[in-house]
Amino acid sequence: QVQLVESGGGLVQAGGSLRLSCATSGGTFGRYAMGWFRQAPGKERESVAIINWAGNYKTYADSVKGRFTISRDNAKNTVYLQMDSLKPEDTAVYYCAGDLEYFRDPLQYTYWGQGTQVTVSS
(Lines give C-alpha, C1' and ligand atoms only; values in the text may rest on other atoms or scores of the structure.)
Protein backbone atom coordinates (compact mmCIF):
# COMPACT_ATOMS: atom_id res chain seq x y z
CA GLN A 1 0.00 0.00 0.00
CA VAL A 2 1.38 3.36 -1.03
CA GLN A 3 1.75 5.89 1.78
CA LEU A 4 2.65 9.57 1.53
CA VAL A 5 3.63 11.67 4.54
CA GLU A 6 4.08 15.44 4.28
CA SER A 7 6.16 17.54 6.63
CA GLY A 8 7.64 21.01 6.85
CA GLY A 9 4.55 23.16 7.17
CA GLY A 10 4.21 25.90 9.75
CA LEU A 11 3.72 29.58 10.42
CA VAL A 12 5.89 32.07 8.55
CA GLN A 13 5.82 35.80 7.92
CA ALA A 14 5.15 37.18 4.47
CA GLY A 15 8.33 37.14 2.42
CA GLY A 16 9.66 34.13 4.25
CA SER A 17 10.40 30.61 3.07
CA LEU A 18 9.39 27.05 3.86
CA ARG A 19 10.42 23.71 2.44
CA LEU A 20 7.84 20.95 2.33
CA SER A 21 8.80 17.30 2.06
CA CYS A 22 6.72 14.31 1.07
CA ALA A 23 8.15 10.93 1.94
CA THR A 24 6.64 7.92 0.23
CA SER A 25 6.66 4.21 0.92
CA GLY A 26 5.01 1.05 -0.29
CA GLY A 27 5.22 1.76 -4.00
CA THR A 28 7.62 2.28 -6.87
CA PHE A 29 8.23 5.98 -6.28
CA GLY A 30 10.47 6.35 -9.29
CA ARG A 31 7.56 5.52 -11.61
CA TYR A 32 5.13 8.09 -10.25
CA ALA A 33 4.41 11.62 -11.28
CA MET A 34 4.14 13.62 -8.07
CA GLY A 35 2.30 16.82 -7.34
CA TRP A 36 1.75 19.38 -4.65
CA PHE A 37 -1.75 20.70 -4.20
CA ARG A 38 -3.34 23.08 -1.73
CA GLN A 39 -6.72 23.85 -0.32
CA ALA A 40 -7.68 27.00 1.51
CA PRO A 41 -10.83 27.25 3.65
CA GLY A 42 -13.92 27.52 1.49
CA LYS A 43 -11.99 26.94 -1.72
CA GLU A 44 -11.46 24.01 -4.03
CA ARG A 45 -8.23 22.04 -4.01
CA GLU A 46 -5.87 23.46 -6.61
CA SER A 47 -2.71 22.37 -8.30
CA VAL A 48 0.49 24.07 -7.15
CA ALA A 49 3.32 22.15 -8.83
CA ILE A 50 3.74 18.81 -10.56
CA ILE A 51 6.86 16.86 -11.52
CA ASN A 52 7.26 13.86 -13.76
CA TRP A 53 8.89 10.60 -12.70
CA ALA A 54 12.33 11.61 -14.00
CA GLY A 55 12.25 15.11 -12.55
CA ASN A 56 12.87 16.79 -15.89
CA TYR A 57 9.37 18.08 -16.59
CA LYS A 58 7.52 20.37 -14.23
CA THR A 59 4.30 22.36 -14.20
CA TYR A 60 3.56 25.30 -11.92
CA ALA A 61 0.44 27.28 -11.17
CA ASP A 62 0.74 30.85 -12.44
CA SER A 63 0.33 32.12 -8.89
CA VAL A 64 3.53 30.44 -7.69
CA LYS A 65 5.80 30.64 -10.76
CA GLY A 66 9.16 32.14 -9.86
CA ARG A 67 8.55 31.63 -6.13
CA PHE A 68 8.07 27.87 -5.66
CA THR A 69 10.28 25.02 -6.87
CA ILE A 70 9.33 21.37 -6.98
CA SER A 71 12.03 18.70 -6.97
CA ARG A 72 12.43 15.04 -6.19
CA ASP A 73 15.03 12.58 -4.98
CA ASN A 74 14.14 9.13 -6.26
CA ALA A 75 16.86 7.52 -4.16
CA LYS A 76 15.12 8.86 -1.05
CA ASN A 77 11.56 8.35 -2.33
CA THR A 78 10.86 11.98 -1.50
CA VAL A 79 9.46 14.99 -3.31
CA TYR A 80 10.03 18.56 -2.14
CA LEU A 81 8.41 21.95 -2.51
CA GLN A 82 10.65 24.93 -1.84
CA MET A 83 8.46 27.95 -1.20
CA ASP A 84 10.06 31.40 -1.24
CA SER A 85 8.64 34.91 -1.08
CA LEU A 86 5.55 33.56 0.61
CA LYS A 87 2.38 35.61 0.60
CA PRO A 88 -0.67 35.51 2.88
CA GLU A 89 -2.69 34.11 -0.02
CA ASP A 90 -0.45 31.03 0.02
CA THR A 91 -2.05 30.04 3.33
CA ALA A 92 -3.64 26.61 2.91
CA VAL A 93 -3.31 22.95 3.69
CA TYR A 94 -0.73 21.53 1.31
CA TYR A 95 -1.04 17.97 0.08
CA CYS A 96 1.26 15.80 -1.98
CA ALA A 97 -0.14 13.23 -4.35
CA GLY A 98 1.16 10.64 -6.76
CA ASP A 99 0.07 8.60 -9.71
CA LEU A 100 1.52 6.66 -12.61
CA GLU A 101 0.14 9.24 -15.03
CA TYR A 102 1.06 12.95 -15.18
CA PHE A 103 -2.22 14.65 -14.35
CA ARG A 104 -2.87 18.34 -13.86
CA ASP A 105 -6.28 17.72 -12.29
CA PRO A 106 -5.96 16.80 -8.59
CA LEU A 107 -9.12 14.70 -8.81
CA GLN A 108 -7.29 12.20 -10.99
CA TYR A 109 -4.53 11.39 -8.49
CA THR A 110 -4.75 8.05 -6.71
CA TYR A 111 -2.41 8.42 -3.75
CA TRP A 112 -2.57 11.27 -1.22
CA GLY A 113 -0.88 12.39 1.93
CA GLN A 114 -2.69 13.72 4.97
CA GLY A 115 -1.68 17.33 4.37
CA THR A 116 0.40 19.91 6.19
CA GLN A 117 -0.75 23.38 7.19
CA VAL A 118 1.07 26.42 5.84
CA THR A 119 0.11 29.77 7.34
CA VAL A 120 1.62 33.01 6.09
CA SER A 121 1.06 36.06 8.26
CA SER A 122 1.06 39.60 6.89
Side-chain angles (χ1 to χ4, degrees):
Q1 183 176 358
V2 178
Q3 292 186 323
L4 286 68
V5 179
E6 301 98 333
S7 60
L11 174 63
V12 63
Q13 288 188 330
S17 297
L18 283 173
R19 189 193 195 203
L20 305 183
S21 299
C22 174
T24 72
S25 61
T28 310
F29 177 77
R31 296 175 58 192
Y32 296 138
M34 298 295 298
W36 286 98
F37 304 87
R38 66 187 182 187
Q39 188 166 17
K43 295 187 176 181
E44 292 186 352
R45 191 168 299 188
E46 63 176 357
S47 173
V48 176
I50 305 167
I51 188 168
N52 73 338
W53 67 272
N56 57 2
Y57 186 79
K58 305 171 186 180
T59 305
Y60 293 96
D62 288 343
S63 59
V64 306
K65 282 181 181 176
R67 300 189 299 121
F68 290 11
T69 303
I70 189 170
S71 62
R72 66 190 296 159
D73 185 337
N74 286 349
K76 296 182 178 180
N77 294 338
T78 302
V79 62
Y80 306 96
L81 185 67
Q82 177 67 41
M83 305 186 294
D84 300 318
S85 302
L86 282 160
K87 304 176 181 180
E89 50 264 44
D90 295 318
T91 295
V93 177
Y94 283 70
Y95 299 88
C96 70
D99 206 284
L100 289 173
E101 298 292 331
Y102 190 99
F103 297 120
R104 286 178 169 80
D105 181 355
L107 295 177
Q108 294 182 287
Y109 278 80
T110 301
Y111 306 109
W112 288 88
Q114 82 289 348
T116 185
Q117 176 70 47
V118 171
T119 303
V120 184
S121 62
S122 57

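Summarising the geometry, atom CG belonging to Leu20 is positioned 8.0 Å from atom OG belonging to Ser7; distances are rounded to the nearest 0.5 Å. Of the inter-residue distances, the one linking Leu100 atom CG with Thr28 atom OG1 reads 8.0 Å to the nearest 0.5 angstrom. The distance from atom CE of Met34 to atom NZ of Lys58, rounded to the nearest 0.5 Å, is 14.0 Å. To the nearest 0.5 angstrom, Ser121 atom OG is 10.0 Å from Leu86 atom CG. Within the model, atoms OG of Ser85 and CZ of Arg67 stand 7.0 Å from one another, a figure rounded to the nearest 0.5 Å.
Of all the heavy atoms in Gln39 and Ala92, the pair that sits closest is O-CB, 3.5 Å. Summarising the geometry of Ser17 relative to Asp84, their closest heavy-atom pair is OG-OD1, 2.8 Å, with the distance given to 0.1 Å. Scanning both residues, Pro88 and Ser122, for their nearest heavy atoms gives CG-CB, 3.9 Å. Across all their heavy atoms, Ala49 and Leu81 have their closest contact at CB-CD1, 4.1 Å.
With Phe37 as the partner, the ring-ring contact (aromatic ring centres under 6.0 Å, His included) test is satisfied by one option alone out of Tyr95, Tyr94, Phe103, Tyr109: Tyr109.
Asp73 is listed as a side-chain neighbour of Tyr80, based on a closest heavy-atom distance under 4.5 Å. Within the 4.5 Å cutoff, the side chain of Thr78 has no heavy atoms near those of the Thr24 side chain. Inter-residue side-chain proximity for Ser63 and Arg38 is flagged as met; some heavy-atom pair is nearer than 4.5 Å. A heavy-atom distance below 4.5 Å is not found between the side chains of Val64 and Trp36. Contact annotation: the side chain of Ile70 approaches that of Tyr60 to within less than 4.5 Å [non-hydrogen atoms, C-beta and beyond]. By the 4.5 Å heavy-atom criterion applied to side chains, Ile51 and Trp53 are not counted as neighbours. Residues Met83 and Val118 meet the side-chain proximity criterion, which asks for heavy atoms closer than 4.5 Å. Between Arg45 and Trp112 the shortest side-chain heavy-atom distance falls below 4.5 Å.
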Salt bridge (Lys or Arg N to Asp or Glu O under 4.0 Å) between Lys65 and Asp62, intermediate numbers included: CA-CA 5 Å; Lys65 282 181 181 176; Asp62 288 343; 3.1 Å; yes
Take Gln114 and Leu4 through the test side chain to side chain contact (heavy atoms under 4.5 Å, CB included) and record every step on the way to the result. CA-CA 8 Å; Gln114 82 289 348; Leu4 286 68; over 6 Å; no
Could you walk me through whether Thr116 and Val93 pass the side chain to side chain contact (heavy atoms under 4.5 Å, CB included) test, one step at a time? CA-CA 5 Å; Thr116 185; Val93 177; over 6 Å; no
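Remark: Arg72 is not positioned above the aromatic ring of Tyr32, lacking an NZ or CZ atom under 6.0 angstrom from the ring centre and at most 45 degrees off the axis.
Not a single donor-acceptor pair under 3.5 Å links the side chain of Thr91 to the backbone N or O of Thr119. A distance-only check finds a donor-acceptor pair linking the side chain of Glu6 to the backbone of Gly115 [under 3.5 Å]. In this structure a side-chain-to-backbone donor-acceptor pair under 3.5 Å is missing from Asn52 to Ala33. A donor-acceptor pair under 3.5 Å is absent between the side-chain atoms of Arg104 and the main chain of Thr59, judged by distance alone.
Cluster annotation: Tyr111 and Val5 are assigned to distinct hydrophobic clusters (Ile/Leu/Val/Met/Phe/Trp/Tyr, side-chain heavy-atom contacts under 4.5 Å, transitive). One hydrophobic cluster holds both Val48 and Val12 under the rule that ILVMFWY side chains link at heavy-atom gaps under 4.5 Å.
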